[in-house]
Number of protein chains: 2
Amino acid sequence: MQMYTIGQMSDMFQIPISTLRYYDREGLFPGLERTSGIRKFSEKEAEALRVIDCLKRSGLEIREIKTFMEWCAEGSSTYKQRRDLFVRQEEAVREEMRRLEKTLAMIRYKQWYYEQAIKDGTEDRVRQIAPEEMPEDIRPLYELAFEDMKTDRKQTEKDS
Amino acid sequence: MQMYTIGQMSDMFQIPISTLRYYDREGLFPGLERTSGIRKFSEKEAEALRVIDCLKRSGLEIREIKTFMEWCAEGSSTYKQRRDLFVRQEEAVREEMRRLEKTLAMIRYKQWYYEQAIKDGTEDRVRQIAPEEMPEDIRPLYELAFEDMKTDRKQTEKDS
DNA sequence: CCTTGACCTGAAGTCAGGTTTAGGTTCTAT
DNA sequence: ATAGAACCTAAACCTGACTTCAGGTCAAGG
């Protein structure tokens with residue numbers, strides 16, 4: 001079975017050696033082999049790194065990823081827990097994607113806004129434009145970006 | 001013109017008072033008014049908070065957002081810089097969304113993987129399945145999640 | 001009057017996720 | 001067999017984005 005040194009892993013995954021050691025310290029490679037102190041990485045740890053990256057991007061912290069890796073080391077008794085984790089993280093990622101869609105809408109609206117300001121030499125006109133008067137392609141951006149602002153107007157007072 | 005106290009802003013935006021003061025300290029509200037030391041927030045700062053949230057999600061740091069807010073305070077001479085910033089951040093957000101798409105593909109592949117493992121009582125079979133043998137709806141997930149792994153096989157040696 | 005609640009400040013503390021440092025050990029090629 | 005490259009550890013340090021703390025001001029109501 002192919003084995004790799006920490007330096008080879010670092011090159012292959014473009015991750016600093018110090019980070020790989022940090023991950024090991026945090027318990028992200030349970031059962032990592034060593035020969036006379038030197039770490040021997042295998043395809044198992046390579047796959048772990050891919051999963052670490054995935055779970056990190058999905059919003060998990062290192063400590064939670066450690067828990068997952070421990071489940072992996074425990075074997076078949078934890079399949080359901082592992083599947084359920086991926087189900088939860090799917091929802092987390094989808095929510096983050098919705099937030100990014102709104103962010104993107106705001107960004108594109110602002111691009112248009114400043115294009116207008118540049119053309120006019122001032123923001124005075126564009127600032128006054130109501131959604132209904134905006135170009136077809138801009139209005140939906142505005143609506144999405146600012147959607148939680150129509151209704152929420154006076155939610156500051158009496159909500160019990 | 002409607003003015004708000006820091007407490008009202010905190011309620012309206014669901015942001016801790018300590019964070020609003022921190023943002024002020026970091027220069028995110030240039031030209032914020034005060035009467036005898038007490039901050040008076042207006043629609044201007046409300047809009048600033050929406051933009052702060054947007055720019056933060058797009059990946060900017062507080063210091064960079066401060067620069068943007070200073071441009072806003074400088075007036076019409078900075079419209080182009082502000083537009084260009086939003087153009088750059090659009091690209092940043094799109095890239096993050098692509099990464100999340102890959103993350104999601106990996107997550108959904110893993111869900112399927114563990115479903116199989118649960119059915120079989122072991123990972124032994126599912127681990128062996130080549131992309132070509134995977135169900136129609138799973139293969140594309142696998143391909144997307146692991147796409148940088150077919151070609152990159154031996155990029156460790158000689159790349160000049 | 002005097003207490004209570006909402007505001008203020010500067011400085012220190014926290015937390016996650018690494019990175020750097022200092023001092024050693026092991027491998028590999030000549 | 002020896003130099004240099006690549007590895008090791010523990011512990012300190014770093015950064016960003018807040019949060020908490022200790023102590024103080026100020027306006028309004030009982």
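Sequence lines set the chain letters: A, B, ... in the order given, protein chains first and strands last, and positions in each chain run from 1. We use all heavy atoms of the structure for the numbers below, so side chains are in, but hydrogens, waters and symmetry mates are not.
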>> Heavy atoms only, 4.0 Å cut-off, all strands: where does B:Thr5 land among base, sugar-phosphate and nothing?
In response: sugar-phosphate

> In whole Å, what is the span from the CG atom of A:Leu55 to the P atom of C:dA16?
Replying inline: 18 Å

>> Check the phosphate of C:dG17 against A:Thr19, side-chain N and O only, distance under 4.0 Å to OP1 or OP2. Yes or no?
In response: no

> Under 6.0 Å between ring centres, would you say that holds for A:Tyr113 and A:Tyr142?
Replying inline: no

> Aromatic rings A:Tyr114 and B:Phe68: how do their planes relate, parallel, tilted or perpendicular, breaks at 30° and 60°?
Replying inline: perpendicular

> Atom CD of B:Gln8 and atom P of C:dA6: how far apart are they, to the nearest Å?
Replying inline: 11 Å

> Which is true for B:Ser18 with a 4.0 Å heavy-atom rule: it touches a base, it touches only sugar-phosphate, or it touches nothing?
Replying inline: base

>> Looking at every heavy atom in both B:Phe29 and B:Leu20, which two are closest together, and how far apart are they?
In response: CE1-O, 3.7 Å

> Taking CG from B:Asp53 and P from D:dC18, how many angstroms apart are they, rounded to a whole number?
Replying inline: 10 Å

> Starting at CD of A:Glu61 and ending at P of C:dC15, how long is that distance when rounded to a whole Å?
Replying inline: 11 Å

>> Let's see if you can work this out: which of D:dT19, C:dC7, D:dA17 has an atom nearest to the side-chain heavy atoms of B:Pro16?
In response: D:dT19

>> Without decimals, in angstroms, what is the distance between A:Leu32 CG and D:dC7 C1'?
In response: 13 Å

>> Using OP1 and OP2 only, check whether a side-chain N or O of A:Arg39 sits under 4.0 Å from D:dC7.
In response: no

> CD1 of B:Ile38 versus C1' of D:dA27: gap in Å, rounded?
Replying inline: 8 Å

> Is the distance from OP1 or OP2 of C:dA16 to the nearest side-chain N or O of A:Arg63 less than 4.0 Å?
Replying inline: yes

>> When you measure from the side-chain N and O atoms of A:Ser36 to the phosphate of C:dT25, is any distance below 4.0 Å, counting only OP1 and OP2?
In response: no

>> Using a heavy-atom cut-off of 4.0 Å across all strands, would you classify A:Lys56 as base, sugar-phosphate, or nothing?
In response: sugar-phosphate

> Within the structure shown, what part of the strands sits under 4.0 Å from B:Arg21 by heavy-atom distance: base, sugar-phosphate, or nothing?
Replying inline: base

> Heavy atoms under 4.0 Å, any strand shown: does B:Glu26 hit a base, just sugar-phosphate, or nothing?
Replying inline: nothing

> When A:Asp24 is tested against each of A:Arg34, A:Lys40, A:Lys66 for salt bridge (charged side-chain N to carboxylate O under 4.0 Å, His left out), which residue passes?
Replying inline: A:Arg34

>> Whole angstroms only, please: what is the CD1-P distance between A:Ile15 and C:dT19?
In response: 10 Å

> Can you name the nearest heavy-atom pair linking B:Cys72 to B:Thr78, along with the distance?
Replying inline: N-OG1, 4.4 Å

> If you measure only the distance, is there a donor-acceptor pair under 3.5 Å linking the side chains of A:Ser42 and A:Glu45?
Replying inline: yes

> Closer than 4.0 Å, any side-chain N/O of A:Tyr23 to the OP1 or OP2 of C:dG18?
Replying inline: yes

> Would you say D:dT20 has OP1 or OP2 under 4.0 Å from some side-chain N or O of B:Tyr22?
Replying inline: no

>> In this structure, how many angstroms lie between the P atom of D:dC7 and the CG atom of A:Leu20, rounded?
In response: 10 Å

>> Mind checking if B:Arg25 touches a base, just sugar-phosphate, or nothing, with heavy atoms under 4.0 Å?
In response: base

